[in-house]
Amino acid sequence: MPFTIVRDDITRMNVDVIVNAANTTLLGGGGVDGAIHSAAGPSLLKECMTLGGCKMGQAKATKGYDLPCKYIIHTVGPIWNGGGFGEEQLLSSCYKNSLELAQELGCKSVAFPLISAGAYGYPFLDAVRVALQSISEFLADSEMQVTLVAFGLKTLMIDEENFEEIKRYINELSIGQFGEGPRHRRLPDALTDPQPETTTEELVCDAEGFARAVTKRMAELEIDDKELCRRANISGSLFAKISGGSGQLTKPQALGIAAALAEDTGSAEKLLRLAGYSFSNSERGDVVVKYLFDKGITDIVEVNRTLFSLDAGLLGEIW
Ligand code: APR
């Protein structure tokens with residue numbers, strides 16, 4: 001399954017398992033560790049005391065106790081020490097070991113905080129990059145639903161200059177000034193509210209034509225369905241429906257597939273039309289996606305990080 005990014009408090013997440021950014025003692029601390037322990041209640045510490053600590057990069061599980069989740073996976077991120085001491089490898093292991101443990105526990109949905117991005121001082125944008133890369137790689141072979149919880153964060157942008165340029169471009173189109181937007185998990189926009197597209201011509205979904213176009217493009221790119229799912233941020237089960245020529249896609253799903261397959265904005269538009277949609281110049285999410293596609297930025301992680309930072313809906317099979 002794909003990943004999504006939300007602004008929330010991880011202790012409120014209604015998923016099978018949440019991941020805690022713990023320390024090697026597993027006996028609690030501040031930050032998200034403190035928040036999880038206080039929300040889960042004293043029984044959590046009692047169980048943690050039986051675990052005998054945890055090595056950096058490793059992961060151990062406990063019950064969720066008073067939290068809405070079934071389990072808590074405690075992982076210990078690296079303390080940033082300049083980058084020359086294997087920090088990136090250790091941080092990536094935190095995500096991968098936690099995801100593997102969640103899979104062993106039979107979990108279908110997992111939420112992560114940004115491990116090591118707080119007290120452990122990992123440079124924030126690198127912490128985001130390693131998180132999204134590690135999660136995306138794992139999801140190439142998994143149907144798990146993964147949420148990255150960006151607690152109280154406005155932006156996950158890497159390239160500030162590009163970001164400012166996009167905001168200027170969007171403001172010029174006067175489709176919503178950017179400032180301190182409301183603390184929504186996600187603002188409604190055309191990408192998330194599948195309203196009928198207001199275009200001069202009626203757009204009709206040609207599911208079979210879409211399936212043929214997808215299959216043809218995959219052959220040209222020599223990619224298999226797993227790689228398509230990873231690039232488009234969709235699940236294998238949705239891909240099965242698409243390739244069978246059945247099922248109405250949402251616009252975020254169709255755009256995720258366009259990001260994965262289209263060679264340029266024109267071909268993305270053609271794919272969109274087969275799915276019964278088109279780019280709308282009056283909606284922020286569409287304008288951002290079109291802007292990025294025009295610049296050749298179609299990597300789903302980059303596109304979604306930008307959409308998240310601009311309070312627009314993400315691409316792919318988002319819930
Ligand atoms: N929900 C989601 N994310 C949160 C929450 C929350 N309730 N509270 C904090 N965060 C975010 C922080 O904003 C940061 O982005 O979690 C990320 C990780 O920050 P820390 O909690 O400081 O974790 P880390 O940097 O990995 O340091 C771990 O801090 O709390 C101690 O015991 C912990 O010693 C360990 C160290």
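Note that ligands are numbered from 1 as they come in the structure, with each ligand's atoms numbered from 1 the same way. Nothing here was measured: the structure is a model prediction, and the numbers come from that model.
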*Is the distance between the ring centroids of Tyr95 and Phe138 less than 6.0 Å?*
no
*asked:* Tell me every residue that passes salt bridge (charged side-chain N to carboxylate O under 4.0 Å, His left out) with Glu208, counting only those two or more places apart in sequence or in another chain.
replied: none
Does ligand 1 have any N/O pairs with the protein under 3.5 Å, and how far apart?
from: ligand 1; atom 1: 1 (N); to: Ile10; atom 2: N; distance (Å): 2.9
from: ligand 1; atom 1: 7 (N); to: Asp9; atom 2: OD1; distance (Å): 3.0
from: ligand 1; atom 1: 19 (O); to: Gly118; atom 2: N; distance (Å): 3.4
from: ligand 1; atom 1: 21 (O); to: Val32; atom 2: N; distance (Å): 2.8
from: ligand 1; atom 1: 22 (O); to: Ala119; atom 2: N; distance (Å): 2.8
from: ligand 1; atom 1: 25 (O); to: Gly118; atom 2: N; distance (Å): 2.8
from: ligand 1; atom 1: 25 (O); to: Ala119; atom 2: N; distance (Å): 3.0
from: ligand 1; atom 1: 25 (O); to: Tyr120; atom 2: N; distance (Å): 3.1
from: ligand 1; atom 1: 26 (O); to: Ser116; atom 2: N; distance (Å): 2.9
from: ligand 1; atom 1: 30 (O); to: Gly30; atom 2: N; distance (Å): 3.0
from: ligand 1; atom 1: 30 (O); to: Gly30; atom 2: O; distance (Å): 2.6
from: ligand 1; atom 1: 32 (O); to: Asn23; atom 2: ND2; distance (Å): 2.9
from: ligand 1; atom 1: 32 (O); to: Asp33; atom 2: OD2; distance (Å): 2.7
from: ligand 1; atom 1: 34 (O); to: Asn23; atom 2: ND2; distance (Å): 3.4
from: ligand 1; atom 1: 34 (O); to: Tyr120; atom 2: OH; distance (Å): 3.2

*asked:* Does anything in residues 46-59 form a side-chain hydrogen bond (donor to acceptor under 3.5 Å, both in side chains)? List the pairs, not counting sequence neighbours.
replied: Glu47-Tyr65
_When you measure from the side chain of Thr147 to the backbone of Val149, do you find a donor-acceptor pair of N or O atoms at a distance under 3.5 Å?_
no
*Rounded to the nearest 0.5 Å, what's the gap from CG on Leu274 to CG on Asp206? Could you check?*
5.5 Å
_Transitive ILVMFWY cluster of Met49, excluding itself - 4.5 Å side-chain cut-off_ = Leu27, Leu45
